[in-house]
Structure formats: structure tokens, C-alpha cells
S.K.: 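One structure, as C-alpha cells, below. Some questions next.
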Amino acid sequence: MRRHTGIVGFLCMALSASAFSAQSLNGFWEYQDFLDEFPAQQRLTNTLSQIVRDEAVPLSVEQKAPITISVVYPGEQVSDYWRRNIKAFSKRMDELGISYQINQVFTRPSVDIRQQSVSLMEALHNKSGYLIFTLDTTRHRKFIEHVLTNPDTKLILQNITTPVKAWKNNQPFLYVGFDHATGSRALSRYFQAQYPNGSNYAMLYFSQGYISDARGDTFINAMTSVNPEHKLSSSFYTKATRESGYETAVTALNADKNLQFIYACSTDVALGASDALIDLGRTDVAINGWGGGSAELEAIKSGDLSVTVMRMNDDTGVAMAEAIKLDLEGQPVPTVYSGDLEIVTSKDSQSKLEKLKLKAFRYSDN
């Protein structure tokens with residue numbers, strides 16, 4: 001079976017669990033596997049995790065000059081993760097008393113490849129001390145490998161927590177995010193509990209790349225390994241937009257009238273699919289979110305989304321700032337950091353949601 005790569009198209013029949021397993025996260029260390037393989041990294045990650053939870057302790061050394069930071073993010077989307085992240089990062093940097101200059105560029109995911117390339121080359125040309133980027137496509141990876149050979153710029157890869165095996169001892173300065181596989185397995189446990197006798201479901205991927213593998217294929221593996229009666233009816237790559245989420249959901253619903261839920265790999269795709277369910281009057285079909293940002297939490301509150309895995313959003317911004325502080329103080333920095341995740345459902349109380357929001361958005365809401 002081929003996964004469809006357009007907005008609408010042919011029904012895609014399910015791959016076997018073993019086929020998905022062979023494709024999912026091939027070439028990456030899974031987060032916990034990496035920490036288990038390298039116990040020293042586990043200790044460093046644990047230390048950074050505790051620092052992130054604590055109040056800020058100012059930088060203990062004197063800077064000779066401000067550090068320079070370039071940020072290239074796919075922030076032009078409904079999900080507010082990226083904008084909240086950089087706000088939390090900047091506020092923590094200020095609390096730490098670090099002098100810095102920051103240049104940030106927000107682009108559209110999977111679309112503005114040329115703009116990303118131009119911005120990344122400018123960062124290298126200007127010899128930015130730190131470059132904060134992401135890894136989702138093959139094009140990203142090729143550029144990252146170029147950055148890793150540059151001694152002037154330290155690379156922080158955001159929204160990825162699975163080190164690339166091929167890079168061996170030449171890893172980025174820091175991988176930071178919320179582990180996609182961990183969150184997707186948590187969602188699988190929710191759906192397994194909702195449909196203990198099996199289910200028919202459709203998969204709406206992000207655009208083709210790492211996030212689709214980590215969030216989508218991991219979910220399929222987890223569902224099938226527990227109960228083979230969980231049947232993947234169709235799967236589609238989207239354009240990572242609300243519009244493509246809507247259209248692929250309509251296609252999946254028309255192809256299989258017995259769908260019980262749709263699994264979406266991102267906020268924009270989930271909200272588009274939710275729009276389709278509302279327009280078609282399909283209140284019998286559940287839909288998840290992924291990330292638990294402001295738009296998703298509103299949809300959870302209204303019942304338009306059934307469940308999401310909520311990131312304690314600002315932790316990764318804080319982690320980046322604290323990693324830079326450790327670096328400036330000459331202390332060791334872990335290779336990888338993953339923030340905390342919580343399952344949130346439309347049946348949860350408003351008081352629970354408010355408590356989680358206070359924790360997740362402790363910097364970015366203020």
C-alpha cells in the first residue's frame with residue numbers, strides 16, 4: 001500500500017504492523033533507548049529536567065559579549081507551540097541574566113523550504129553562536145549535516161527527541177521537544193480503552209517526513225500490537241494544513257461509513273478533520289488532537305475534539321535557555337531532553353484543564 005500524498009485521493013488499505021515497524025523511526029535512537037544505552041546521558045538529562053522545573057538561577061559567569069541566536073521555525077500554523085516556545089525561551093533567558101541577540105524567522109511547515117534555506121544560510125554566514133531549527137524532511141537533514149561541520153555555530157534541534165544514529169559522535173548541541181512516540185503511545189492507550197473489542201480508524205498524517213513516522217506509524221504499531229482487531233481503514237499524507245485535514249477526512253469518511261475514529265498527527269490537521277465531522281453531522285466519529293495548544297483546548301472544551309496529548313509547552317523553551325546557560329558556564333549539556341505530556345479528554349473538568357494550562361503556559365501566557 002502507498003500512503004496518499006495529495007489532499008484527496010484513493011483509499012489506502014492498511015499496512016501490516018511489521019511493515020510499519022520497519023519504516024517507523026528507522027535510523028533514529030528512540031528516546032529512552034538512547035538514554036538506556038548511554039547512562040551518562042541519562043544523568044545529564046535528569047539534571048536538566050530538574051533545572052527546568054526549578055526557578056531560574058542567574059548565570060554565574062561574566063559574558064564578554066552578547067551571544068547571537070538564530071531561530072528558524074515552522075510557526076505559520078494554527079498550533080501555537082512554536083510561538084509560545086520562543087516566548088518562553090526569551091523570558092527564561094532574561095531571568096537567567098544572559099545577554100543575547102536573537103533573529104527569528106517563522107515559515108509554513110513543508111512549504112517554505114526556500115525561505116528556510118535562505119534564513120539558515122544567513123545564520124551560518126553571520127556565524128550565529130546558536131542556531132535553533134527542526135528536523136522533519138530529507139532537505140532539513142542535508143542542511144543540518146552541513147551545519148554540524150561548522151565549528152562556529154551550535155545547533156539546537158527543536159521538536160525532535162530521537163538522535164540520528166548516523167551522526168554518531170557528531171551530534172547537535174541539543175535535541176529538545178516532547179517525545180512524539182511517547183505521546184502517540186499514550187493516545188493509543190486511550191483509544192484501546194475506548195474500543196476494547198477493536199475499531200476501524202483512519203490515519204491523517206502530517207506532511208511526509210519524520211513527524212508522520214513518529215506520531216502516525218508509532219500509533220499504528222501500538223494499536224495493532226495490543227489487538228489486531230484495530231483496523232487501519234485508510235491513511236493519507238496531508239499538506240499539514242486545516243484545509244487538507246478537512247478534505248482528507250471527508251475522503252476517509254466517504255470511503256468507509258463504519259469509521260469509529262480518525263487519528264490526526266497535528267493540530268491543524270485535527271481541527272480540519274473536526275470541521276468535516278461537524279459539517280457532515282458525524283457525531284459518532286471521534287477525533288484526537290496532538291499537542292494541546294490553545295486552539296485544541298478550546299476544541300476539547302466544546303467537544304469538537306475527543307482527546308489530545310498535551311505538552312507542558314513552555315518546558316522546552318526553558319530547557320533551551322538552561323542548556324545555553326550550562327554551556328556558557330562550561331558545564332556538560334545532555335544530548336537530548338523531552339518535556340512532560342498529559343492526556344486530556346473532553347470529559348475532563350474545567351478545573352483540571354486550568355491547572356494544566358497554568359503549568360504548560362507558565363511563561364507564554366504572561
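Please read these numbers as outputs of a predicted model, since none were measured by experiment.
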S.K.: Do side-chain atoms of Ser212 reach the backbone of Gln208 as a donor and acceptor pair under 3.5 angstrom?
M.R.: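 Side chain of Ser212 to backbone of Gln208: no pair is present.
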S.K.: Do side-chain atoms of Thr241 reach the backbone of Ser244 as a donor and acceptor pair under 3.5 angstrom?
M.R.: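 Judged by distance alone, yes, a pair lies under 3.5 Å.
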S.K.: With distance as the sole criterion, is a donor-acceptor pair present between the side chains of Gln50 and Asn46 under 3.5 Å?
M.R.: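 Checked: Gln50/Asn46 side chains show no N/O donor-acceptor pair below 3.5 Å.
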S.K.: Distance only, no hydrogens: is a donor on one side chain within 3.5 Å (strictly under) of an acceptor on the other, for Ser99 and Gln63?
M.R.: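 No, no side-chain donor-acceptor pair sits under 3.5 Å.
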S.K.: Classify the angle between the aromatic ring planes of Phe261 and Phe191 as parallel (below 30°), tilted (30 to 60°) or perpendicular (above 60°).
M.R.: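 Parallel: the ring planes of Phe261 and Phe191 meet at under 30°.
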S.K.: With rounding to the nearest 0.5 Å, note down the distance linking OG in Ser188 to CG in Asn227.
M.R.: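 Separation between the atoms: 12.0 Å.
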S.K.: Distance-only, no hydrogens or angles: does the Arg215 side chain make a donor-acceptor pair with backbone N or O of Cys265 under 3.5 Å?
M.R.: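 A pair under 3.5 Å: yes.
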S.K.: Does one side chain, of Ser70 or Ser128, offer a donor that lies under 3.5 Å from an acceptor on the other?
M.R.: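 A pair is found: one side chain offers a donor N or O, the other an acceptor, under 3.5 Å apart.
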S.K.: Atom OH of Tyr201 and atom CG of Leu259: how far apart are they, to the nearest 0.5 Å?
M.R.: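 Interatomic distance, Tyr201 OH to Leu259 CG, rounded to 0.5 Å: 11.0 Å.
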S.K.: Grab the two heavy atoms, one from Arg141 and one from Val164, that are nearest each other, plus how far apart they are.
M.R.: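 Taking Arg141 first and Val164 second, the nearest heavy atoms are NH2-CG1, 3.3 Å.
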S.K.: Rounded to the nearest 0.5 Å, what separates atom CD in Glu243 from atom NZ in Lys239?
M.R.: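 It comes to 10.5 Å.
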S.K.: For residues 320-327, run the donor-acceptor check on the side chains, cut-off 3.5 Å, and write out each pair with its distance to 0.1 Å, sequence neighbours left out.
M.R.:
unit_1, atom_1, unit_2, atom_2, d
Glu322, OE2, Arg92, NE, 2.8
Glu322, OE2, Arg92, NH2, 2.8
Lys325, NZ, Val57, O, 2.7
Asp327, OD1, Lys154, NZ, 3.0
Asp327, OD2, Tyr130, OH, 2.6
Asp327, OD2, Lys154, NZ, 2.7

S.K.: Side chains of Asp304 and Ser274: any donor to acceptor distance under 3.5 Å?
M.R.: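 No pair is found: no donor N or O on one side chain lies under 3.5 Å from an acceptor on the other.
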S.K.: Is the closest side-chain heavy-atom distance between Val336 and Leu174 below 4.5 Å?
M.R.: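 The answer is no; the side chains never approach within 4.5 Å.
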S.K.: Below 4.5 Å, heavy atoms only, C-beta onward: do Ser266 and Val269 meet side chain to side chain?
M.R.: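 A side-chain contact exists here, since the closest heavy-atom pair is under 4.5 Å.
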S.K.: Do any N or O atoms from the side chain of Tyr237 and from the backbone of Leu204 form a donor-acceptor pair under 3.5 angstrom?
M.R.: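 Side chain of Tyr237 to backbone of Leu204: no pair is present.
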S.K.: Look only at the side chain of Ser235 and the backbone of Met203, and say whether a donor-acceptor pair between them is shorter than 3.5 Å.
M.R.: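 Here the side-chain-to-backbone pair does not exist.
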S.K.: Under the rule for salt bridge (Lys or Arg N to Asp or Glu O under 4.0 Å), what residues qualify as partners of Asp275, not counting sequence neighbours?
M.R.: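 Counting only residues at least two positions away or on another chain, Asp275 forms a salt bridge (Lys or Arg N to Asp or Glu O under 4.0 Å) with Arg242.
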S.K.: Would you give the length of the straight line joining atom OH of Tyr175 to atom CG of Leu155, rounded to the nearest 0.5 angstrom?
M.R.: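 Here the interatomic distance stands at 8.5 Å.
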S.K.: Go through the side-chain N and O atoms of Ser364 and Asp314 and say whether any donor and acceptor fall under 3.5 Å apart.
M.R.: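 A pair is found: one side chain offers a donor N or O, the other an acceptor, under 3.5 Å apart.
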S.K.: How far apart are the C-alpha atoms of Trp82 and Gln158, what are their side-chain angles, what is the distance that settles it, and do they pass the side chain to side chain donor-acceptor pair (under 3.5 Å) test?
M.R.: CA-CA 9 Å; Trp82 300 95; Gln158 170 61 253; over 6 Å; no
S.K.: Using 4.0 Å as the upper bound for N to carboxylate O, is an ion pair formed by Arg362 and Asp315?
M.R.: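 Salt bridge flag = yes for Arg362 with Asp315.
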S.K.: Could you check Phe143 against Val72 for side-chain contact (heavy atoms from CB on, under 4.5 Å), going step by step and ending with a plain yes or no?
M.R.: CA-CA 13 Å; Phe143 183 85; Val72 183; over 6 Å; no
S.K.: If I take atom CZ from residue Phe236 and atom CD1 from residue Ile262, how far apart are they, to the nearest 0.5 angstrom?
M.R.: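 With rounding to 0.5 Å, CZ (Phe236) is 9.5 Å from CD1 (Ile262).
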S.K.: Mind checking whether Thr345 and Asp348 have side chains closer than 4.5 Å, heavy atoms only?
M.R.: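 Answer yes - side chains close enough.
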S.K.: Taking ring pair (Phe, Tyr, Trp, His ring centres under 6.0 Å) as the definition, give me every residue that meets it alongside His180, ordered by chain and number, with sequence neighbours left out.
M.R.: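 Counting only residues at least two positions away or on another chain, His180 forms a ring pair (Phe, Tyr, Trp, His ring centres under 6.0 Å) with Tyr210, Trp290.
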S.K.: State, to 0.1 Å, how close Thr161 and Ser338 come at their nearest heavy-atom pair, and which atoms those are.
M.R.: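 Minimum heavy-atom contact is CG2-CB, 3.9 Å.
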S.K.: Is any side-chain heavy atom of Leu253 closer than 4.5 Å to one of Val285?
M.R.: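 In contact.
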S.K.: Kindly indicate, with the supporting measurements, whether the criterion side-chain contact (heavy atoms from CB on, under 4.5 Å) is fulfilled by Asp33 and Leu35.
M.R.: CA-CA 5 Å; Asp33 289 345; Leu35 297 179; over 6 Å; no
S.K.: Other residues, nucleotides and ligands only: do more than 12 of their heavy atoms fall within 6.0 Å of NZ on Lys165?
M.R.: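 Yes, NZ of Lys165 has more than 12 neighbouring heavy atoms, counting only those of other groups under 6.0 Å.
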S.K.: Can you confirm whether Arg311 sits close enough to Tyr81 that some side-chain heavy atom of one is under 4.5 Å from a side-chain heavy atom of the other?
M.R.: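 Arg311 reaches Tyr81 side chain to side chain.
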S.K.: Look at the side chain of Gln192 and the backbone N and O of Ala222, then say whether any donor-acceptor pair between them is shorter than 3.5 Å.
M.R.: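 Pair found, side chain donor or acceptor close to backbone of Ala222.
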S.K.: Under a 3.5 Å cutoff, is there a donor and acceptor pairing between the side chains of Gln42 and Gln32?
M.R.: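 There is such a pair between these side chains.
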S.K.: Can you confirm whether Glu354 sits close enough to Lys357 that some side-chain heavy atom of one is under 4.5 Å from a side-chain heavy atom of the other?
M.R.: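 Counting from C-beta outward, Glu354 and Lys357 do come under 4.5 Å.
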S.K.: Are Tyr246 and Asp279 close enough that a side-chain donor and a side-chain acceptor fall under 3.5 Å?
M.R.: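 Short answer, yes.
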S.K.: Can you find a side-chain donor-acceptor pair between Asp217 and Tyr205 that sits under 3.5 Å?
M.R.: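 There is such a pair between these side chains.
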S.K.: Return yes if some donor-acceptor pair links the side-chain N/O of Thr308 with the main-chain N/O of Val344 below 3.5 Å, else return no.
M.R.: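 Not at all, since once roles are kept as given, no pair shorter than 3.5 Å links the two residues.
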S.K.: Hey, what's the ring geometry for Trp29 with Phe38, parallel, tilted or perpendicular (30° and 60° as the breaks)?
M.R.: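 Rings of Trp29 and Phe38: perpendicular, as their planes differ by over 60°.
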S.K.: Check whether any side-chain heavy atom of Leu305 lies under 4.5 Å from a side-chain heavy atom of Asn288, and answer yes or no.
M.R.: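 Contact flag for Leu305/Asn288 side chains = no.
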S.K.: Verify, without hydrogens or angle tests, whether Asp80 (side chain) and Arg83 (backbone) share a donor-acceptor contact under 3.5 angstrom.
M.R.: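 Pair absent, no side-chain N/O of Asp80 close to backbone of Arg83.
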S.K.: According to the interplanar angle, ranging from 0 to 90°, do the rings of Tyr263 and Phe219 count as parallel (below 30°), tilted (30 to 60°) or perpendicular (above 60°)?
M.R.: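 Parallel, since the angle between the ring planes stays under 30°.
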S.K.: Step by step, work out the side-chain contact (heavy atoms from CB on, under 4.5 Å) result for Tyr190 and Val309.
M.R.: CA-CA 10 Å; Tyr190 168 85; Val309 58; over 6 Å; no
S.K.: Does a side-chain heavy-atom distance below 4.5 Å link Asn103 with Val71?
M.R.: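 Contact flag for Asn103/Val71 side chains = no.
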S.K.: If you measure from CG on Leu232 to CD1 on Ile220, what distance do you get to the nearest 0.5 Å?
M.R.: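 Reported value, rounded in 0.5 Å steps: 4.5 Å.
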S.K.: For atom CD of Glu329, decide whether the heavy atoms of other residues, nucleotides or ligands shown that lie under 6.0 angstrom number more than 12.
M.R.: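 For Glu329, atom CD is crowded (more than 12 foreign heavy atoms under 6.0 Å).
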S.K.: So, are Lys301 and Glu298 salt-bridged, with charged N and O less than 4.0 Å apart?
M.R.: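 Salt bridge absent between Lys301 and Glu298.
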S.K.: Is there a donor-acceptor pair closer than 3.5 Å between any side-chain N or O of Thr218 and the backbone N or O of Ser184?
M.R.: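 No; judged by distance alone, with no hydrogens or angles, the pair does not exist.
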S.K.: Salt bridge check, Asp365 against Arg84: does any charged N sit closer than 4.0 Å to a carboxylate O?
M.R.: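 Answer for the salt bridge query: yes.
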S.K.: Keeping Thr224 on the side-chain end and Asn221 on the backbone end, is there a donor-acceptor pair under 3.5 Å?
M.R.: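 No, because the side chain of Thr224 does not come within donor-acceptor range (under 3.5 Å) of the backbone of Asn221.
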S.K.: So, Ser199 versus Gln260: side-chain donor-acceptor pair below 3.5 Å or not?
M.R.: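 No - no donor-acceptor pair under 3.5 Å links their side chains.
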S.K.: Given Glu296 and Thr267, is the side chain to side chain donor-acceptor pair (under 3.5 Å) satisfied, shown in steps?
M.R.: CA-CA 7 Å; Glu296 284 193 10; Thr267 295; 2.6 Å; yes
S.K.: Would you name the heavy atoms of Asp179 and Leu341 that are closest together and state the gap between them?
M.R.: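 Scanning both residues completely, I find the closest heavy atoms to be O-CD1, 3.8 Å.
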